[in-house]
Amino acid sequence: MEYLKIIAFTHQQIDLKSLGKLVICEETLDDRLRNIQSELQVKEIFYVGTCNRVEFIFTSAQTIDDNFTRRFLQVLNMGLPEEYLEKFVENVSVYEKEEAFNHLLRMSCSLESLVVGEKEILAQVRKAYQACKDSGFTGDYMRMIMDRVVKTAKEVYTHTNISRNPVSVVSLAYRKLKELNVCGNSRLLIIGAGETNNNIAQYLKKHTYSNFVVFNRTIEKAQALAKELNGEAHALSAIAQYDKGFDVIITCTGSTEPVITEEIYRKLLNGDTGKKVIVDLAVPNDTDLAVREQFPIHYIEVESLKEIARKNIQERYDELVHAERIIETNIKEFESVLRQRRIEIAMSEVPKKIKEIKQTALQGVFANEINTLDESSKAVLERVIDYMEKKYISVPMVMAKEILAKNS
């Protein structure tokens with residue numbers, strides 16, 4: 001784990017509004033990561049961006065100090081003003097080697113989430129990794145890391161109570177809606193058809209809500225979610241023309257600018273003066289500050305759920321201890337797995353060399369002698385050589401692993 005590094009920006013050090021400036025949209029992610037690889041000598045890398053964290057997990061031989069972090073952000077080319085750049089450098093969390101692996105496991109097991117026990121984070125990490133893997137940014141090492149991450153998280157969720165009756169962002173938002181007496185036939189506008197909105201919409205449908213209208217930049221995604229909800233679908237660009245009214249807006253997009261501006265919100269109201277509900281789970285917020293200040297609304301955002309999350313962390317302290325023991329065990333086991341993998345890679349040329357020796361013996365060194373044999377003898381000799389070939393390949397590998405296990 002010598003070269004494993006993590007640069008993390010989280011809700012623990014940075015306010016969510018500022019954190020949103022580091023969120024990378026899917027369209028530009030590949031180019032930004034490619035620049036990091038080429039300019040900073042990074043071999044494997046993947047990016048995780050959630051509602052309360054932005055993290056880069058990568059391999060590098062370089063020491064990660066403030067200068068490296070500053071250069072990293074500059075190469076990402078996020079257009080950050082100088083004051084924001086320095087703010088992020090001052091508040092970055094850096095992890096290296098085993099500490100980095102421990103952090104990745106803790107994060108994926110939701111021990112460091114805003115809401116402990118939130119299984120959603122594992123799905124987000126896996127999805128983020130898969131996207132970068134598909135684009136060629138990760139290799140064999142990160143594959144092994146992620147295999148162990150998934151194994152560890154499953155053990156934590158299975159063998160502890162950390163995820164029993166979890167209070168995720170989705171369930172917290174739903175509870176807030178129930179507290180506001182939002183009934184099942186309320187008109188719900190879903191803005192954004194990503195994973196978070198998909199989850200909360202399905203959750204609401206399960207609890208008998210039925211009146212959904214979905215808006216999304218990609219109309220196909222809006223249609224897919226609307227079909228599951230038995231609702232309507234529209235392109236996000238058409239939201240200003242929507243005039244059928246609403247009771248609740250649930251919004252979570254990847255936009256870096258407000259989606260619900262004062263002008264759009266006024267058009268959506270279409271003269272309605274009643275108090276509405278906005279559930280804004282985006283980072284940065286999708287709702288313009290002017291909307292929150294000038295209109296009568298119940299406004300629910302991720303930040304407002306923090307206090308509940310803190311209580312959950314305290315209540316689940318014992319489960320954190322159990323989860324940390326599982327993580328510690330997996331870290332120790334993984335060290336042995338890494339050593340075995342190094343042996344496998346080091347000995348990967350053995351089968352090729354054995355085959356070359358076999359061909360040289362049959363076609364060169366002993367060719368004349370073999371040609372004097374009858375067909376039956378040749379067949380026996382070939383079976384003996386094939387047997388020896390397999391043993392010469394497998395036995396050294398088994399012995400190396402046994403020696404490794406004894407030394408461990």
Side-chain angles (χ1 to χ4, degrees), residues 6 8-11 16 19 23-26 29 45-57 101-135 137-138 142-174 190 192-206 214 216 218 221 224-225 228-229 250-254 279 281-283 302 305 309 312-313 316 319-320 323 326-327 330:
I6 296 178
F9 306 92
T10 75
H11 63 93
L16 295 181
L19 194 60
V23 174
I24 304 175
C25 64
E26 291 181 13
L29 179 60
I45 184 170
F46 73 96
Y47 155 86
V48 176
T50 73
C51 59
N52 53 36
R53 67 179 62 250
V54 168
E55 305 203 10
F56 298 89
I57 300 93
F101 190 42
N102 180 59
H103 168 74
L104 181 58
L105 290 175
R106 287 177 58 84
M107 175 180 71
S108 302
C109 295
S110 82
L111 272 62
E112 298 186 0
S113 294
L114 199 60
V115 181
V116 172
E118 184 179 38
K119 285 186 177 181
E120 194 174 331
I121 183 64
L122 176 61
Q124 290 169 334
V125 172
R126 293 179 75 174
K127 183 178 179 181
Y129 163 74
Q130 189 63 45
C132 291
K133 177 187 175 186
D134 292 344
S135 296
F137 292 111
T138 67
M142 284 298 181
R143 175 193 63 77
M144 294 179 65
I145 289 285
M146 282 305 300
D147 285 349
R148 182 60 54 161
V149 164
V150 173
K151 174 183 179 295
T152 305
K154 287 181 177 179
E155 288 178 6
V156 167
Y157 293 135
T158 301
H159 301 301
T160 77
N161 290 322
I162 200 167
S163 63
R164 308 281 168 82
N165 302 315
V167 187
S168 65
V169 169
V170 168
S171 60
L172 283 172
Y174 170 73
I190 309 294
E195 185 175 359
T196 299
N197 268 5
N198 209 300
N199 288 341
I200 194 168
Q202 297 288 2
Y203 198 84
L204 290 170
K205 180 185 176 184
K206 179 181 175 181
V214 182
N216 193 64
T218 307
K221 287 187 176 180
L225 179 55
E228 292 184 30
L229 301 172
I250 299 174
T251 183
C252 185
T253 74
V279 180
L281 301 179
V283 178
V302 172
L305 306 177
N312 289 341
I313 290 173
R316 300 177 185 185
E319 299 310 309
L320 290 178
I326 292 173
I327 288 173
N330 273 277

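In plain terms, the two heavy atoms of T160 and A323 that are nearest each other are CG2-N, 4.1 Å. In plain terms, the two heavy atoms of F46 and M146 that are nearest each other are CZ-SD, 4.0 Å. Smallest separation of non-hydrogen atoms from C252 and A282: CA-CB, 3.9 Å.
We find the CG-CD distance between N330 and E155 to be 4.5 Å, quoted to the nearest 0.5 Å. In this structure, the separation between OG1 on T50 and NE2 on H11 is 8.0 Å, given to the nearest 0.5 Å. Rounding to the nearest 0.5 Å places CD1 of I162 at 11.0 Å from NZ of K119. Interatomic distance, CD of Q124 versus OG of S108, reported as 10.5 Å (0.5 Å rounding). A distance of 5.0 Å separates CD1 in I57 from CD1 in I6, rounded to the nearest 0.5 Å. In this structure, the separation between CD on E228 and CG on N198 is 6.0 Å, given to the nearest 0.5 Å.
At distances below 3.5 Å, not a single donor-acceptor pair connects side-chain atoms of K127 with backbone N or O atoms of E195. When atom types are taken as modelled, the side chain of N197 and the backbone of A193 share no donor-acceptor pair closer than 3.5 angstrom. A donor-acceptor distance shorter than 3.5 angstrom exists from the side chain of E319 to the backbone of N161, with no hydrogens or angles considered. Formation of a donor-acceptor pair under 3.5 Å by the N216 side chain with backbone atoms of K221 is not found in this model. Between the side chain of R53 and the backbone N or O of M107, no donor-acceptor pair lies under 3.5 Å.
Under the side chain to side chain contact (heavy atoms under 4.5 Å, CB included) rule, N52 has a single partner from L16, T10, V283, which is L16.
For the pair E55 and V125, the minimum side-chain heavy-atom distance is 4.5 Å or more. In this structure, the side chains of L19 and F9 come closer than 4.5 Å at one or more pairs of heavy atoms. Side-chain contact between Y129 and I145: absent, with no pair of heavy atoms (C-beta onward) separated by less than 4.5 Å. Under the 4.5 Å side-chain criterion, counting only non-hydrogen atoms from C-beta, Y47 is in contact with V54. At least one side-chain heavy atom of L105 sits less than 4.5 Å from a side-chain heavy atom of V149. Taking the side chain as every heavy atom from C-beta outward, L229 and L204 never approach each other to under 4.5 Å. A 4.5 Å side-chain heavy-atom check between C109 and T152 finds at least one atom pair inside the cut-off. A 4.5 Å side-chain heavy-atom check between F137 and L29 finds every atom pair outside the cut-off.
With respect to K151 and D147, no salt bridge is recorded, no charged nitrogen being found less than 4.0 Å from a carboxylate O.
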Give the intermediate values and the outcome of side chain to side chain contact (heavy atoms under 4.5 Å, CB included) for residues E112 and I121.
-> CA-CA 10 Å; E112 298 186 0; I121 183 64; over 6 Å; no

